[in-house]
Amino acid sequence: MRPGEALRVVLRSGSGRMGIGLLAVLVFVSLLVPFFYPLDFGLRFWNNPIAWADNPKAAPPAWTNLVGDQAPSHRVFDAESPSQTVETGPATTRLYSFTFDHESESPPTFLSVSVGEVTFYDRPPVISMTLERPDGRAATILQEVVRGQRPDETPPVTRFADEPRRIYLTGDTNSLTATSDFLQREFDLRLTEAELQGNLETALFGTPTGNEAAEFTPLTGEYTATIRVITYDARDSVESVRFVAAGGVFGLMGTDTQGRNLATGLMFGFPVALIIGISTSVAATILGTFFGILSGFSGGRTDTIIQRLADVMTNIPLLPILIFLIFVLGQKLWLVMTILVIFGWPGLTIILRSMVLQVRSGQLVEATQALGASRWRIMFRHVFFQMAPFIVAQMIFFTPAAILAEAGLSFLGLGDPSLPTWGQILEQGFRTGAIFIGYWWWILPPGILIVITAMTFVLLALAMEPVLNPRLRETAS
Amino acid sequence: MALAYTLGLRALSLVGVVLVVLVLVVVTLGATGFSDRMLTAIVSEEMRGQRQALAETIRDPERLEETLRERRVDLEEFYGLDDPWYTRLPAMVGRVLTLDLGSARNLRSFDGSSRVTDIVLERVPYSMMLVTTSLVITAIIGLWLGAKLATRVGTRSDRLASYLAAASNALPAWWAGILLILVLSFQLRIFPSGGLYSSPPPDGELLRFMDLLWHAALPILTLVLVSVGAWTYVVRTMLLNTAQEFHVTAARARGLPEGQVMRRHILRVAAPPIATNIILALTGSIGGAILTETVFNWPGMGRLYFDAITTADEAVIVALTFMFTLMYVAARFILEVLYVVLDPRVRYTAQ
Amino acid sequence: MNGRQAGGEPLLSIRDLRLSYAADRGDVHAVDGVSFDLEAGKTLAIVGESGSGKTSLALALLRLLPRNTSQFEGQITLNGTDCMALSDGDFRSRVRWRQISMVFQGATESLNPIYKVGHQVREVLTSRGGQSRSAADERTRELLNLVRLPPETFNRYPHELSGGMKQRIAVASALALDPALVLLDEPTSALDVGVQAQIMNLFKRLKSNLGIASIFISHDIALASDIADYIAVMYAGRLVEIGPSEDILGAPSHPYTQKLLAAIPRLRSDEPLEFIPGAPPDLSDPPTGCRFHPRCQFAMDRCRIEDPHGIPTPSGQSLAACWLLDEAGSS
Amino acid sequence: MNMNTNGAAPMLDLQDVAMHFKSRGRGFHTTTVRALDGVSLTLDRGETIAIVGESGCGKTTLGRVSLRLLEPTAGRVLFDNVDITQVKESNLKGFRRRAQGIFQDPFTSLDPYMTIRQIVEEPLIIHGVGSASERLERVQWALDEVRMRPAADFLDRFPHLLSGGQRQRVGIARALTLTPEYILADEPVSMIDASSRAEILALLSELQERYRIGYLYITHDIATARHFAPTAAVMYLGRVVEQGPTVDLINNPLHPYTQGLLNAVPEPDPANRLAERPVLPGEAPSPANVPSGCRFHPRCPVFMEGLCDVVEPPLVQVEPDRTVECHLYGAEGKERVGRDTGKSVSGDAEIV
């Protein structure tokens, strides 16, 4: 059967149409990834906690707000230049104001302020942050002086050049003290820092119910966070300022306990899964085809050697050996793929050999040989084409096996840390106990994606069946 | 004679497999320096014991250290640590064969032993229990369902089953396990999420056994779920191929009742190829078992693998790799025997 | 022998039998309005090229219809029983193998590879004949003897037997329930000429000793003459000529039969061989009128429009579907 | 070396060719399958020899050896005085151009993935003949020669759309493109409907006349041999047991096997049904298990104990162009027959 005809047969079945549709989606998403992701995404971003510090931890996807309780949205404010500059004598105050509506009954999960590279000549700048609430009250919860000039330094002095100075207000003792002061001043509520610990946002985004316990009524409305940076020299500069009021939900797919945006990781998994599956199966199929045809066609010692080897290889249980080798040789994706190829070809070789033997005893080979065709021409121009549909079907069938093997290995904690895969995301969820805590958004999507990807190829293989077995085609019609 | 010859050949080939795996494991260990580390660990452990024993008899600390140093050199020589790794190959193969791999780093057996042999061997029955039970259940369902579908090719139920088979084929065991835990354990609270017994385990033999079954239910269900689709599909396809063979038409022509045609002329004839396919599917089910045990914290060899990887316990990993190969090869041989028994063509003629 | 008729009413009577299969290109009319009678104890050979519908006809008689059968109608009367009126279950239990049995073309393919051949014959006796295992064993040995196989064949597997021996087993199985009619579908085409002659001798012997009627299906009209009392020539799903062997072989009336005979290389004659140019028609879209007209050297306008049906030949013993006879008769 | 009538060496000269296959049997035994066991034959340009025999007699192996698709274990195969068994495959291109094959199964001998054009063009490509347009012209010529007209209609079709007879003609066209001198025709009509067989054979004869092709015609059907090949050789278990003009062979078979074979062939005659055919008992044994002495002796109706099962029969030249390999015609056998029956046996004696 010729390719066009085969494609028509595949498309005639529901599974074929579904498979091709899904494959198109997978390929499309995979092609998008290289445009948006750096190549070293795994090491530089995914497995770098700093990159995710300002995300809420273990937050469900934003769309969960559509049902059930309203969790606060995640707000990140970045500014490179101040919204206002006030000159008071030699000092210049840069005001960075960020206004946002807080409508949720729950407070933000954390607050943080980050200041980028700061350069000063004379005195070190002072950073402070004030939160203005809908009830008109304002709390200054951050006041910090940038570390001053050391004896060995000469102006201009640069601070936070490598990475921004990030103040995690939620866990900052000074902020607790400031908040405690604020509560006493405004509401006459006396709470120690220890009592406030973990309730900072509740206090700042609520009104005390009494003046004894740490109980608050949520206060919704417009909040403004103003960050002031006071500098004392005209040449001083502040690169950027960020304020984060972390939400209870995040993005399309939520976050994990490290605050990683799962949507980003899952998206990155698309091309990785396809590359693992397709390149492994293509390589294994090429090897298997080559050895199968060679073995069946040559006979003699070549045949015996290839068959013995293939026999032994297929008898080795793959996953245990894979675990062992990856454990010993290192967690490298290329290694996983190589091992899958090495153990993947013999199955095809054994089947192809018996098919070649059948074809070889047929008259096509005899006829072509009599024409003077070389062995290679007979093997790869005539014999190969006879088996091409079968080989393609086997290749498709092997693809999900490779994807599932990698996922299984990742699930055991032997994934390649430089390349996040769906299996690794799931494994981290599993190890963190996500199933027991109920972080379903961490566990379900990667699994569903693995199943859908594997399913795509299984469906295609299923649709190939009538191509391989014409008798089935007849009965189906 | 031919039967014994055929089986002998298979057995030989499978022994070859075990040897190849052993050599692969040992060479990998040697070339990467792992075997040095393992042997050094064994030496250090023996030294600890000797230090305690000697400390009782030799009072002089310097002499003690001196003696210990000598002993250590002796031991290193004994284990071949002073020679390059490849000279130790045969000895190392022997060690793996007998699971004489010293002590685990952190892992302990249920009663606290740190010997690798103890840790690994006590897990075997639990793994066997999962694998065999699920295999039997899968086989029964697969044969029954496959036979049902083969009689109605092209119908809606056949197509539906094909999709389900595809889904089952694409379903990783561990993820299926996680789903089952989420639904049946956390949402509906019907089954426990893992482990072997409740804590505290109930009193009485029968109750304890029931408790074990209750805990095994989800892992077994997982393993059945992920393999039953492929089984059904294989059975269906094989039966279908056989049903298209002419001798089946000939049997129908003789007016034999349809049930008899199905039983004697289709199912029985398709049995050898079905067995072949099952042999091929075995490696998958071993992998599935490793992952399923991990998910359900089932104290079998698979979970041990996970723990060993987590604690980087190489001796245990080596032992497990070997044990899994051994188990697999044994299972495979049983199926080969079954195949030969099923097919008179193999039984009475040499290949 | 059951159901032997003392003359008069035929053992088997077929009227306007039609059988079509659904295919991608449309319905394939494999058997298209076939009618004939067969007396008890006689042999009718159905001769035709591949794809002429002869095997379909045989399978239809046993009601072994492929899944994609789209049309199956007409009359089949066997021993006075209207076979078409029987339900599938009744047909299976009363007619199939009990009254009509069959020997298939490929002996190797028609035996189950994993059972001993004796058990396969015995199965028919125990399952269909209701015999006990020991009685069936006894009878199986008798049958093996009847087809001239040594008793130890009972315990052999098919792959241990030669083609000729397997075909004998198939014959034994076909005779197991004492049928009135045996269908022989190219029973020797996979065999060498020597073994073929042996099997044909066996058929002749069984025919004279047991008096079983048979329908012998073959593409080889010379081989058919070895056993046939009557010969029917089939072309493109239709019978083009039917009559006593002497008539068909000696004085064929239909141009197709004439050409077919002239195309056979004779062992003892140097007569130059003839052939029929062109190829048989596509049965999903057969030509109008006489199906043979595109390849017929005598084709007239009438042949392209009107469909000829059994017209008596000059001998009066045969029928041929050819307008030439009509012209000759009326003129 | 055999000489033909012109005194020149024959085109194809098979000398005492043997082909033994070793096959691994049960356990550690090896069995030797003696597919060919000392066969000699010559074939000239423009000549046809039929090799007649039942399956397993070695006729197909003989054909393969003659095209050097198999390397014989013993003997020589001379093609124009060159022993092609001694030539390496890579140096065989000249021979491969001059010798071609037509095979039995027109369904499997053509690549289903190639168009008719590609199939017929392949030998030209393999041998690097002509430019693309020259090759196309050649393909059209070959199709025209086998009466696939107009050739343009067939060029881009695939074989599965053709009838059996048409496919076989494509096979012939493929063999014809290189205008060979020798064609092995291995059962070329056995899978073709009776009504088209004569057409293919007539076509082959016509091509022979036009291009002086020598045919080795391998067949199980001695009747077609009569109409296609003037000379025939009957093979049994790897040996030629009788050879001669086909008509003589049929009218006066000498070897008991030839007689048995001819008895088994039905002719369309309504009287056939009235009597059983005289047949040879049993079936030919496997070539892995060749009987001692005369290999036909276990089935022979005139088997002479102590001779036929012990001594290999001699090759007897009965007439200038007829040979037979049977003790009945050898000195020892004749003497023995004479002793047993009191009569002498002449070369054309009727044996029952």
Side-chain angles (χ1 to χ4, degrees), chain A residues 13-15 18 308 311-325 327-330 347 400-401 403-405 407-408 411-414 423 426-427 429-431 435-436 438 440 443-444 446-448 450-459 461-462 465 469 471-472 475-477, chain B residues 13-14 16-17 20-21 24-25 28-29 32 34 153-154 159 162-163 165-167 169-176 178-179 181-182 185-186 193 233 237 240-241 244 280 282-284 286-288 290-291 294-295 305-306 308-310 312 314 317-318 320-325 327-329 332:
Chain A
S13 66
S15 61
M18 213 151 100
R308 282 286 144 266
D311 192 32
V312 168
M313 301 283 276
T314 48
N315 270 305
I316 296 176
L318 178 58
L319 193 62
I321 286 292
L322 197 58
I323 292 171
F324 170 79
L325 289 176
F327 178 78
V328 173
L329 300 175
I403 294 173
L404 293 179
F411 181 71
L412 289 172
L414 291 171
L426 235 169
E427 182 254 343
F430 179 74
R431 255 179 221 265
I435 25 172
F436 307 108
W440 53 267
I443 296 286
L444 290 184
I448 289 173
I450 291 170
V451 170
I452 287 179
T453 309
M455 186 86 164
T456 302
F457 292 99
V458 177
L459 284 173
L462 208 65
E465 205 194 16
N469 190 347
R471 288 186 290 189
L472 286 180
T475 47
S477 66
Chain B
S13 164
L14 290 173
V17 169
V20 165
V21 170
L24 180 76
V25 164
T28 314
L29 286 176
T32 51
F34 263 78
V153 181
R159 266 201 297 278
S162 299
Y163 286 122
N169 225 353
L171 196 63
W174 39 282
W175 197 62
I178 287 173
L179 279 187
I181 291 177
L182 275 177
S185 180
F186 281 95
S193 66
Y233 198 68
T237 310
L240 215 58
N241 284 341
Q244 287 167 343
L280 292 174
L282 253 188
T283 131
I286 287 221
I290 294 176
L291 294 161
T294 303
V295 172
Y305 235 139
F306 181 72
I309 292 166
T310 311
E314 52 257 22
I317 287 182
V318 172
L320 283 174
T321 306
F322 172 65
M323 279 306 289
F324 271 115
T325 310
M327 257 177 74
Y328 173 73
V329 161
R332 197 151 173 162

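Every chain is numbered from 1, with letters handed out A, B, ... down the list of sequences. Atoms considered below: every heavy atom in the structure, side chains included; atoms not considered: hydrogens, waters and symmetry mates.
- The two residues B:L291 and A:F411 have their closest heavy-atom pair at CD2-CD2, 3.8 Å.
- Heavy atoms closer than 4.5 Å to chain A are found nowhere in B:L320, neither backbone nor side chain.
- Neither the backbone nor the side chain of A:I403 comes within contact range of chain B, judged by heavy atoms closer than 4.5 Å.
- For chain B, the nearby parts of A:I443 are the backbone and the side chain; heavy atoms of each come within less than 4.5 Å.
- Under the 4.5 Å side-chain criterion, counting only non-hydrogen atoms from C-beta, A:L329 is not in contact with A:F324.
- Rounding to the nearest 0.5 Å places CD1 of A:I452 at 7.0 Å from OG1 of A:T456.
- The CD1 atom of A:I448 lies 11.5 Å from the OG1 atom of A:T453; values are rounded to the nearest 0.5 Å.
- For B:I309, the parts lying near chain A are the backbone and the side chain together; criterion is any non-hydrogen pair under 4.5 Å.
- Interatomic distance, CZ of B:R332 versus CG of B:L14, reported as 7.0 Å (0.5 Å rounding).
- In terms of heavy-atom pairs under 4.5 Å with chain A, the best-connected choice from B:T310, B:L24, B:L179 is B:T310.
- Of the atoms belonging to B:A312, heavy atoms from both backbone and side chain fall under 4.5 Å from chain A.
- In this structure the side chain of B:N169 never reaches within 4.5 angstrom of the side chain of A:P400, judged on heavy atoms.
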Quick one, B:T321 with B:Y305, criterion side-chain contact (heavy atoms from CB on, under 4.5 Å). Give me CA distance, side-chain angles, the key distance, then yes/no. CA-CA 9 Å; B:T321 306; B:Y305 235 139; 2.8 Å; yes
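- Interface remark: B:V17 contributes backbone and side-chain atoms alike to the contact with chain A (heavy atom separation under 4.5 Å).
- The parts of B:F324 that come within reach of chain A are both its backbone and its side chain, each placing non-hydrogen atoms under 4.5 angstrom from that chain.
- Heavy atoms of A:L426 lying under 4.5 Å from chain B belong exclusively to its side chain.
- In terms of heavy-atom pairs under 4.5 Å with chain B, the best-connected choice from A:L444, A:L412, A:V451 is A:L412.
- Heavy-atom distances place both the backbone and the side chain of B:I178 under 4.5 Å from chain A.
- Proximity to chain A involves both the backbone and the side chain of B:T294, based on heavy atoms less than 4.5 angstrom apart.
- Proximity to chain B (any heavy atom under 4.5 Å) is restricted, for A:L414, to the side chain, taken from C-beta onward.
- Interface remark: B:T32 contributes side-chain atoms only to the contact with chain A (heavy atom separation under 4.5 Å).
- Taking A:A407, A:A401, A:G347 one by one and counting their heavy-atom pairs under 4.5 Å with chain B, the maximum is reached by A:A407.
- Minimum heavy-atom separation, B:A167 to A:M455: CA-SD, 3.3 Å.
- Counting heavy atoms from C-beta outward, A:I321 and B:V21 have side chains that approach closer than 4.5 Å.
- Highest contact tally toward chain A, considering only B:V25, B:L29, B:I181, is held by B:V25 [criterion: heavy-atom pairs under 4.5 Å].
- For the set B:V329, B:V20, B:I317, the entry with the most heavy-atom pairs within less than 4.5 Å of chain A is B:I317.
- Using a 4.5 Å cut-off between heavy atoms, B:F322 does not touch chain A at all.
- Note on ring orientation: taking the six-membered ring where Trp is involved, the planes of A:F430 and B:F306 are perpendicular (angle over 60°, cut-offs 30° and 60°).
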